[in-house]
Amino acid sequence: MLRATLRSFLAHKGRLLLSALAVVLSVAFVAGSLIFSDTVSRTFDRLFASTAADVTVAPKDDFGSRVATGAVQTVPAALADRLARVPGAASAHAEVRADNVTVVDARRRFLGSTTGAPTIATDWHVTDRSPVELTSGHAPRGAGEALLDADTADRKHVRIGDTLTVMAQPGTLRVRVVGIATFTTTNPGASLVYLDPRVAAAELLGSPARATSVSVQAAPGVSDALLKQRVVAAVGAGAYDVTTAGEHAKSSAEQLGTFLDVIKYVMLGFAAIAVLVGIFLIVNTFSMLIAQRTRELGLLRALGADRRQVRRSVLTEAVLLGLVGSTLGLAAGIGLAAGLIRLMGAFGMNLRAADMVVGWPTPVAAYVVGVGVTFVAAYLPARRAAAVSPMAALADADVAGVGRPLRTRAVVGAVVGALGVAALAGCAAASRTASAASLLGLGVVLTLVATVVAGPLLVRPVIRVLGGAFPALFGPVGRMSQRNALRNPRRTGATAAALMVGLALVGGMSVASASMSASFDQQIDRTLGADFVVQNANFAPFSQEVTDRVRGTEGVGLVVRQRFAPVALRLPDGRRVTTTASGYDPRVDDVAHVTYVGGGSAAALADGGIGMDAGFAREHGVRLGSVLPVEFPGGRRAALKVGALTDQDGAEGFGMQGGVFLGLATVERYIPGGQDTALYVNAAGTDADRLRPRLERALDAYPQVQVRDQADYKELVHDQIAVLLYLVYALLGLAIVIAVLGVVNTLALSVVERTREIGLLRAIGLARRQLRRMIRLESVVIAVFGAVLGLALGLVWGVCTQQVLALQGMGALAVPWGTIVAVVVGSAVVGVVAALLPALRASRMNVLAAIAHE
């Protein structure tokens, strides 16, 4: 039996190749994602461990205020002198670092990263743990000189002697590049500017007496933990964040882990789609191979092989296929990871392929996925093969199950489908987002399973409709193509299911994304009352100079500033909620159409006032007039009175949890040194169309700042949603590739199965061209059948997803009919492409040899 199994596997290696490709794709994405994430994690672990000080003393900050407000939290620079005298400390240095800066060159080109990595200005302090070294020029001396990192210099074509403008929170300074610093470790993609340590604090923090942290190096023989204990004793417990090198590296790695998880889960999503669609392909392939080997299996049974041996033989072939596919997939995954590393280099994160990490879990996961998928997919065909009696097989009867009624599928599909419909109905009726999302996920899984199970039941009625015009358009060839697709509903349903999965996903996400776009359009139209909004391209805070330039522009009337404020609210229900509030100037109602459920902006923006979303307030027992304890960064506290409750759907810009907003004067009192994040501008005495070019000219020196009107805002939202949609389209592309392999496989095996039939058709006058057309039409109707099922399912998912979004204020439902029609047409094209090789092979058959084929 083993010898027969191996011979059978090698005899059908051409037919199994397409199935192996599905395994290869699945394993490649699993292995590639694990290798890439492991490589990045290991690289950055080494970076953080090698560059962190033995002990770092930083400001106490649980809010992330540096990012949200533009204010840089600091410690006294004199703290370094105190810590240098701590027993066990070899040295202490007051670090100066500002990552809220903007750097432009002499031609006003933005030098920062466009991928989200920060632009950092810091002091030039060289130690044996510095991540860079001076490779050309000299160190900065005085206020007008700076170093630039080599990666940014190469990317932006900056040379020694060029002039840069650094826009920091205290003001703008012009510096001349006097040297280039090259990274000795991995560059995480940031742009770095180094200033003279004697002037860095004054230029970046506004005072030479301030620092952003103090790094303390341990004396020989003193552990980091012991030094930390002594530093805490010197500065006081709870006064600052004190971390060892290991703790600092761990914290930094955790922050990086969020970014890596996104990449890993996206790639594992690709792998899941490949696995799911590949299962259909493998099931179909083994079912057809077993059907074609009916006589062979019958002879084995007649010679004494029992059912268990036959089943084991088929499953052994599946395991061999899985091993080959997994091995090739693991190699492809290594190549994919190398490609991702090169791609990250194009975005500024310079990883080295030589540092690639292939840990033992990666090959284990690769072989578990590859072998497991093929084994599971081949189990049902193996059982069918074992169920064939020797006499039925020798009589060339169909494999058990092919012609059997579909009653079991009907019952299982109906029960699972009913449960799925009930879950989706519950999702549409739910009033809480969490429960609605859970029911949506359950409903999607159940309806997908039900459609796959009951798919063969839909083959005859749907394909009779889809192919109904074939006889009239193509005559007998069209009729035969339709009947060929109807001949084996199980096979047709499994072939179409591979395409159905991808199209259901793209259909649902297309409806969801179109609905999100339409909802945001409505919200922007309803709430944004300003002529223009001035913001940073990445929504980061900008310097006071930008606000002054806007206010000084001819034709500008009202300017309302917005500033972010990290806060922690102590609520009446006992909960402590940390969120980001927005601070506004008093006349916010003139630039935003806010719907107030109670109170108004005057009370909320007044000194000691606060406003929030009415739904959030109701959930936590807050009422109009309630006094809430509020915590700000730096340990500042206040008791603020609730002066307004708003309708969340109508409060543009209040998208953060709770929709909390304050007066800008309150924000400036409790978070001094902050920066504006947006300016809402109305024209006065001039047309808005004439004001825009004036504003753009006034802000020409600040390339990071953009002037947007309502149309620009809509386009911005559409672009952000499109990123998600492009990911879905990529998943669709992967599913289509595997689905095409499935259709090609099905048609190729079907041609072999119908060799004698094709020979007889040719003998009675069917031309080669007609034969190719018949196979192409059969492929087209199968592909369109899968598209119709997938899009119908996807539309239902999309509508239910929109109901979940409606609970978050996105109430508009939009169906992108253009996309739907394009997908159906594209599916027909997929069918034509998939049939090219099988049709060509069929048309080249020798007629007499085909008639004599057994």
Side-chain angles (χ1 to χ4, degrees), residues 18 21-22 25 273-274 276-278 280-281 284 447-448 451-452 454-456 458-470 473-474 478 481-482 484-486 489 491-511 513-514 725-726 728-748 750 772-798 815-839:
L18 295 175
L21 285 176
L25 288 172
I273 293 294
L276 182 60
V277 180
F280 297 121
L281 195 162
N284 232 14
T447 51
L448 176 61
T451 307
V452 170
L458 303 172
V459 167
R460 289 194 170 98
V462 175
I463 286 186
R464 281 196 176 98
V465 173
L466 295 177
F470 283 5
L473 294 175
F474 304 104
S481 66
Q482 184 189 29
N484 284 336
L486 294 171
R491 179 191 302 168
T492 300
T495 305
L499 189 60
M500 180 198 73
V501 172
L503 295 183
L505 176 64
V506 78
M509 292 305 300
S510 294
V511 172
S513 62
L725 204 55
Y726 292 152
V728 176
Y729 288 154
L731 288 171
L732 170 66
L734 174 64
I736 286 178
V737 168
I738 301 178
V740 168
L741 296 177
V743 176
V744 171
N745 221 14
T746 299
L747 292 175
S750 178
R772 288 195 296 267
R773 180 180 298 167
M774 180 185 73
I775 294 175
R776 285 198 300 267
L777 290 176
E778 179 184 351
S779 177
V780 167
V781 78
I782 291 174
V784 174
F785 170 68
V788 169
L789 285 189
L791 290 175
L793 196 59
L795 287 174
V796 174
W797 293 351
V815 179
W817 293 111
T819 301
I820 303 300
V821 172
V823 167
V824 174
V825 173
S827 300
V829 174
V830 165
V832 172
V833 172
L836 291 178
L837 287 177

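- Of the inter-residue distances, the one linking R773 atom CZ with S481 atom OG reads 10.5 Å to the nearest 0.5 angstrom.
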Show me the side-chain donor-acceptor pairs of residues 818-831 shorter than 3.5 Å, one per line, residues at least two apart or across chains.
residue, atom, partner, partner atom, Å
S827, OG, V823, O, 2.8

Go through the steps for F785 and L789 under the test side-chain contact (heavy atoms from CB on, under 4.5 Å), then give the verdict. CA-CA 6 Å; F785 170 68; L789 285 189; 3.5 Å; yes

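- Considering all non-hydrogen atoms of both residues, P456 and V452 come closest at CD-O, 3.9 Å.
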Does the pair L777 and Q482 meet the rule for a side-chain contact (heavy atoms from CB on, under 4.5 Å), with working shown? CA-CA 8 Å; L777 290 176; Q482 184 189 29; over 6 Å; no

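- L836 CG to R776 CZ: the interatomic distance, rounded to the nearest 0.5 Å, is 7.0 Å.
- Separation of atoms OG1 (T492) and CD1 (I782) is listed at 4.5 Å; rounding is to 0.5 Å.
- Within 6.0 Å of CG in L837 there are 12 or fewer heavy atoms belonging to other residues, nucleotides or ligands.
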Hey, mind stepping through T447 and V796 against side-chain contact (heavy atoms from CB on, under 4.5 Å) and telling me if it holds? CA-CA 10 Å; T447 51; V796 174; over 6 Å; no

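- The shortest heavy-atom contact between V781 and G467 is CG2-N, 4.1 Å.
- Qualifying ring pair (Phe, Tyr, Trp, His ring centres under 6.0 Å) partners for F470, counting only residues two or more places apart in sequence or in other chains: F474.
- Pairs of residues two or more places apart, or lying in two chains, that qualify as side-chain hydrogen bond (donor to acceptor under 3.5 Å, both in side chains) and include a residue from residues 777-793 are R754-E778.
- With a 4.5 Å cut-off on side-chain heavy atoms, P816 and V511 count as touching.
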Trace of the side-chain contact (heavy atoms from CB on, under 4.5 Å) decision for W797 with L448: CA-CA 10 Å; W797 293 351; L448 176 61; 3.9 Å; yes

